[in-house]
S.K.: 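Provided herewith is a single structure, encoded as structure tokens, for subsequent inquiry.
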Amino acid sequence: MGIVQEIKKFVEEECKKPTSKYGYDPYLYHFIPMVKYAEKLADKLGGDKEVILIASWLHDIGSIVYGRENHHITGAKIAEEKLKKLGYPQEKIELVKKCILNHRGSQQNNRDSIEEQIVAEADILSNFDNISGIFYAAFREGKNQGEAKEAVRQKLENKWKQVHFEESKKLIKPKYEAAMLLLK
Ligand SMILES: [Fe+2]
């Protein structure tokens, strides 16, 4: 089995564990679409595709295992341990770690490689494939239907503003416009 498949399997198994902080849903509705976007962007923009795919699968693993707080830091640590065990080259591990450490909006100024930028961008784009998940989070916070609709619209509008590459804008525009049409 290739290294990317190996990592994908590892992430799926962590999501299936009863201890997973967010259950199995993130695997289906966040990681799968996110990796799909990362792969498309890697094909268009370049970068080390293997590193990009590995980092995409692992970018939220800290959140699954320990919860959301500092999940970029806990995730980078889990990734390093797992990849070392699999004999992955150390310089590639360092780049995977940087992608995970800097995927959050708060870390955007630390990104200095195309791999880091693509992972962060794919994370943003994946929101447009998971509108039901954003609604679910809003209802869990106790919002009523009107408030939830507004929260989802605002979140997607913010995500749209964060899209960085022209290629991704082109890719996501139809979904963004459809969402705005339905949620306004
Ligand atoms: Fe994510």
Side-chain angles (χ1 to χ4, degrees), residues 4 7-17 19-42 45 47-80 82-83 95-111 113-138 140-141 151-152 154-165 167-169 171-172 175-176 179:
V4 177
I7 291 299
K8 177 187 176 191
K9 201 180 87 190
F10 167 67
V11 171
E12 182 171 22
E13 277 165 7
E14 287 299 323
C15 292
K16 273 186 181 160
K17 285 182 183 171
T19 49
S20 164
K21 297 283 183 208
Y22 294 91
Y24 187 61
D25 277 355
Y27 180 79
L28 293 177
Y29 304 115
H30 180 43
F31 302 153
I32 289 180
M34 146 111 181
V35 172
K36 177 192 76 185
Y37 283 121
E39 188 162 18
K40 279 188 187 172
L41 292 178
L45 302 168
D48 185 328
K49 193 167 170 179
E50 188 180 81
V51 164
I52 290 168
L53 295 180
I54 290 172
S56 295
W57 281 117
L58 288 168
H59 81 286
D60 277 344
I61 191 69
S63 202
I64 297 296
V65 177
Y66 299 113
R68 219 178 134 63
E69 201 189 339
N70 286 327
H71 74 273
H72 54 310
I73 298 168
T74 56
K77 198 163 173 281
I78 295 169
E80 176 158 42
K82 182 69 191 170
L83 289 166
L95 190 49
V96 169
K97 280 171 64 189
K98 271 170 62 114
C99 292
I100 298 172
L101 281 170
N102 295 330
H103 82 272
R104 302 181 79 175
S106 55
Q107 311 297 318
Q108 62 177 322
N109 294 331
N110 299 331
R111 291 175 208 144
S113 67
I114 187 71
E115 289 83 1
E116 289 162 85
Q117 283 179 309
I118 288 177
V119 171
E121 185 94 334
D123 198 19
I124 291 168
L125 298 182
S126 71
N127 283 280
F128 292 91
D129 283 45
N130 189 22
I131 292 184
S132 61
I134 308 174
F135 266 107
Y136 181 66
R140 281 220 317 194
E141 283 168 19
V152 174
Q154 267 180 22
K155 179 158 185 178
L156 293 176
E157 214 161 38
N158 286 338
K159 294 293 169 185
W160 169 252
K161 285 181 192 148
Q162 290 165 29
V163 175
H164 176 77
F165 294 110
E167 279 78 2
S168 352
K169 274 187 199 156
L171 203 60
I172 212 66
K175 286 187 181 183
Y176 166 69

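First listed ligand is number 1; within each ligand, the first listed atom is number 1. Throughout, residue positions are numbered sequentially from 1 according to the sequence presented. What you see is a predicted model; the values in this text were computed from it and never measured. Side-chain atoms are counted along with the backbone in the values below, which use heavy atoms only and exclude waters and symmetry mates.
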S.K.: Nearest 0.5 Å, what's the CG-NZ distance between Leu171 and Lys169?
M.R.: 13.0 Å

S.K.: Evaluate the ring planes of His59 and His103, with Trp represented by its six-membered ring, and classify them as parallel (under 30°), tilted (30 to 60°) or perpendicular (over 60°).
M.R.: perpendicular

S.K.: What do you get for the angle at the Fe ion (ligand 1) between NE2 on His30 and NE2 on His59, to the nearest 10 degrees?
M.R.: 100°

S.K.: Suppose we only count N/O/S atoms under 2.8 Å; would His103 qualify as near the Fe ion (ligand 1)?
M.R.: no

S.K.: Please calculate the OD2(Asp60)-the Fe ion (ligand 1)-OD1(Asp123) angle and round it to 10 degrees.
M.R.: 170°

S.K.: Of all the heavy-atom pairs spanning Asn127 and Lys155, show the shortest one and how long it is.
M.R.: OD1-CE, 3.6 Å

S.K.: Would you call Lys161 and Glu157 a salt bridge, taking side-chain N to carboxylate O under 4.0 Å as the test?
M.R.: no

